[in-house]
J.: 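Structure in structure tokens, see below.
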Amino acid sequence: MGTDLFMLAQAGFPEPMGGATLAHYLLISVLMFAIGLIGFLTRRNLIVMFLCTELMFQAAGIALIAFSRFHLEHSGQTFVIFVLTVAAAEAAMALALVVLLFRKRESLDADEWTEMKG
Amino acid sequence: MTIASDIMGSILHGALGAPGASGAALPAIEAGPWWVSLIPALPLLACILCGVSAAMRIKSKLPAWITVGCLGVSFALTAAMFQQLAGGRSVTIAWEWINVAWTDSGGHERSLIANFGFYVDSLTCLWMLFVTGLATLIALYASEYMSHDVGTGYCRFFAAFGLFVFSMACLVMGDNLILLYLGWEGVGLCSYLLIGYFYKKPSAVAAAKKAFIMNRIGDLGLALGIFLAFVQFGSVEYKVILEAAQPWLAAAQAGHFDEIPATVQLIPILLMIGAFGKSAQLPLYVWLPDAMEGPTPVSALIHAATMVTAGVYLIARTYPLFLVSEYALPIVAWVGALTALVAATIGMAQFDIKRIMAYSTVSQLGYMFAGLGVLTSTGAAFHVFTHAFFKASLFLSCGAVMHGFAGQLDLRKLSGVGFMKGWQFVAIAMLVGCLNLAGFPFTAGYFSKDMILAEAFVTPHMAPIGWILLLTAGLTAYYTFRVFFRVFVGPKYYEPGDEVHAHSDHGHGDHGHGEHGHDAHGHAGDHGHAAGEFHPHAPGWAINFVLLTLTVLSVGAAGLYFLGDHGGWVGKMVHASSANYPPIVDLAAHSGEAADAHAHADHGAHGSFLGMDPHKVMYYVSGIVGFVGIAIAFALHYVGRKTAATANADKLVPLLGPIPKLAQGKWFVDEVYDLLIVKPLHLISIVFAYIDKLLVDGLVNAFGWVPRGVGSGLRPLQSGNLHSYAVQMAGGVAVLLLIVFLASIAGL
């Protein structure tokens, strides 16, 4: 199983991509997820935080597609198509919310909002 | 050990049938006519119809007429039942109620049969005649008396009234002890409902509860007595029990009580505890005076004439059981005599005329018990019968006064009522009632009381009871005529009571107590004007008709004495029933010794009254005692009395030291009971309340506190800050990953 991770995932693709294995894709996915998570946790700007969440989203998407290709079946890719659709809708909503929040406080600082304190 | 073996023996008896019992002694039991069941059924119908009228919000006197009609028919049927009876016994079974059979551990076939059956003999007829007759008359009286409540409590009153008569009929006519118990509890319930009729008055509610609870104490004894009777005789039906007691009667007559099993001797002692509760005898009498909080017709019917005589009925019905017990009847006699005396002394010092009548009822009930105790069941039954009429008429007269004077019952605030316009019938009824109660010669009360007195001196060892009763007779005459001389004759004067709203629309802030209350020449007209134009209203036709009827009946009851030689008509009725004394012993089945004993009890050495034959001299003695009592009342409460509030008797009060105060305070029996029983119970209940509050509630609350504490501990986590949520989530994911990682390393 250990060597499977380094098997050619892109057999039949043009040469430049030919050497890429599943591990490469997963590495990219993990890096993107980590960057998104760190950005989400450290930045206070609502728009940047939102972008970070999108980054984590897409990292998950890359991992799904890579696994899908690795196993040679299409459900993972189909799933990602749906995720992208939902993400687009959600992005529109989230940006609209950010605009509204900005109008309320004239600020994009996430720490301005603590009304839900228990 | 002996008791256990007795019980075993008795179970055998019950299973095999009592040996030696034969049906020859008492008349055979026939199947009674079906319409006997209607006698209790009609009052129940009246009760249901009154309930329906209440549901339909009927705002007329309809419930009263329904009740009077049903009770009247019931009375007519009772009279027909009496006609039909002709000295025999009959049982009418309305339906089979309880019928179970089983095999006990010893392998004997046992059964419990208690039908809704009606046992009719002359004792039943005697009781039912005055129960239904008086109930009809008093319902008629109540139709007018309760007229202020038309549309509000009227239906409720008559529904309870009907239910009472139904229960009383079950009690008296039931052919087994279970049905008697049902009726016994039923009358107790109705008594509770009717005492608490004015449920907005705290004192009425308290009195109702007191009556109910005190009766429960007695009922426990009755229930135990019934259980023991079942264990002993294997049945609760009179026909079995009365037969089963026959074999021991002869032994009891001969004084050989050691031949009679202890359980048999215990049954009547338990039964009489029930009788003491219901009939307000010495340890348990305190509920009856308080029961006067109920409407007066209720006091007259339930708490004077009928329900309170249930105890006397119970003893009379099971008289053979009492005769075979060594101590039962002497206890009954002593309790009765002491009750008579104590209640009479309290009655002498009260000012509320209804309370005086209540104490007099307790006292007269004591007389009846003493009568049973001194072996004159005839005298007791006769006294029940005459007392029912004259005490009802006394109560109803007091009620008429109370109704007319807005609830005024204080004899210091009423005077000369008999001379006021429209009150003459009430005064006549009251006078006749008082003469009866005082035992004035040739009144019914005179004959019945006399029979008990004479018999007390005749019965061996009972002379002290005779003396107590004789003293009580004098006290009775005094307190009875104290009421009469204070309220019905003398200068005319009155103050209205505090229920004036019903009679007038004016405000009554001033009842005239301050300015006019003790006005020496308080004149009716003047006073009424000053007190906000209060007009006493004289009773109407219904009250007057009932009072006159009762007066005629209570006078006529004296005539019953002459309808036969041994105690008159009532004597005949009692002799033909199981309550007869000397008991009907089946002589053929027993030895000659028993026959001798019988003869001995019948004609043997009489006790004497100061060396004379009590049967002959008691007429004169009790007549003289009554006269003396009346004369003392005349001297102390009529002669020279110019105001309502004061009389010659007041001068005597300081001479007697603390006695009048004690008697006025009812010998502080209530307070003693309060201290000995109510207060300790109250203390215990406080302790239990704390246990409930701290332990039980504490546990429940502790379970409530757990989630609350956890919540308040975790609450800081919900900071409202987006970043802290994100950190928590990330931390959570990290922890989960760590667990998965460690698990995979460990190879799980």
Side-chain angles (χ1 to χ4, degrees), chain A residues 1-2 4-5 23 26-27 29-61 63-64 67 90-91 93-102 104-118, chain B residues 202 205 681-748:
Chain A
M1 187 69 193
D4 288 354
L5 285 174
L26 292 185
L27 192 65
S29 170
V30 167
L31 284 175
M32 272 174 74
F33 190 87
I35 292 165
L37 185 62
I38 292 166
F40 188 82
L41 293 178
T42 52
R43 302 300 294 268
R44 300 197 306 183
N45 187 311
L46 280 171
I47 293 177
V48 174
M49 287 172 79
F50 174 62
L51 288 177
C52 290
T53 59
E54 288 296 313
L55 214 52
M56 289 188 273
F57 227 164
Q58 302 314 323
L64 276 168
F67 278 120
E90 174 249 315
M93 291 273 296
L95 284 170
L97 273 172
V98 169
V99 170
L100 282 175
L101 290 171
F102 178 77
K104 203 112 179 170
R105 293 273 161 96
E106 292 289 324
S107 162
L108 284 172
D109 189 348
D111 293 349
E112 288 281 314
W113 304 91
T114 53
E115 269 85 354
M116 295 297 282
K117 184 171 166 50
Chain B
V205 175
L681 282 177
H682 197 219
L683 273 178
I684 293 171
S685 68
I686 287 172
V687 170
F688 282 135
Y690 270 105
I691 290 176
D692 186 48
K693 206 177 248 173
L694 297 180
L695 193 73
V696 179
D697 287 8
L699 273 174
V700 173
N701 287 339
F703 282 114
W705 274 104
V706 169
R708 192 182 281 200
V710 170
S712 65
L714 294 179
R715 185 181 296 163
L717 289 179
Q718 193 184 354
S719 61
N721 188 314
L722 191 54
H723 280 107
S724 63
Y725 293 158
V727 168
Q728 283 159 26
M729 198 170 81
V733 171
V735 168
L736 278 175
L737 282 177
L738 196 65
I739 291 170
V740 170
F741 179 63
L742 290 175
S744 73
I745 286 177
L748 294 170

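A note on names: the letters A, B, ... follow the listed sequences, proteins ahead of strands, and every chain is numbered from 1.
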J.: Work out which heavy atom in A:F50 is nearest to a heavy atom in A:A91; give both atom names and the distance.
T.: CZ-CA, 3.5 Å

J.: Take A:V30 and A:F33, measure what side chain to side chain contact (heavy atoms under 4.5 Å, CB included) needs, and give me the verdict at the end.
T.: CA-CA 5 Å; A:V30 167; A:F33 190 87; 5.7 Å; no

J.: What is the minimum heavy-atom distance between A:L41 and B:V727, and which atoms define it?
T.: CD2-N, 3.7 Å

J.: Please report the closest heavy-atom contact between A:G36 and A:C52, naming both atoms and the distance.
T.: O-CB, 3.3 Å

J.: What's the separation between atom CD1 in A:I38 and atom CD1 in A:I35, rounded to the nearest 0.5 Å?
T.: 7.5 Å

J.: Quick one: what part of B:A730 sits under 4.5 Å from any heavy atom of chain A, side chain, backbone, both or neither?
T.: side chain

J.: For A:M49 versus B:L722, what's the shortest heavy-atom pair and its separation?
T.: CE-CD2, 3.6 Å

J.: At a 3.5 Å cut-off, give me the donor-acceptor pairs between chain A and chain B, one pair per line with the distance.
T.:
{"residue": "A:F40", "atom": "O", "partner": "B:H723", "partner atom": "NE2", "Å": "3.4"}
{"residue": "A:R43", "atom": "O", "partner": "B:H723", "partner atom": "NE2", "Å": "2.6"}
{"residue": "A:D111", "atom": "OD1", "partner": "B:H723", "partner atom": "ND1", "Å": "3.2"}
{"residue": "A:M116", "atom": "O", "partner": "B:Q718", "partner atom": "NE2", "Å": "3.4"}
{"residue": "A:G118", "atom": "N", "partner": "B:Q718", "partner atom": "O", "Å": "2.8"}

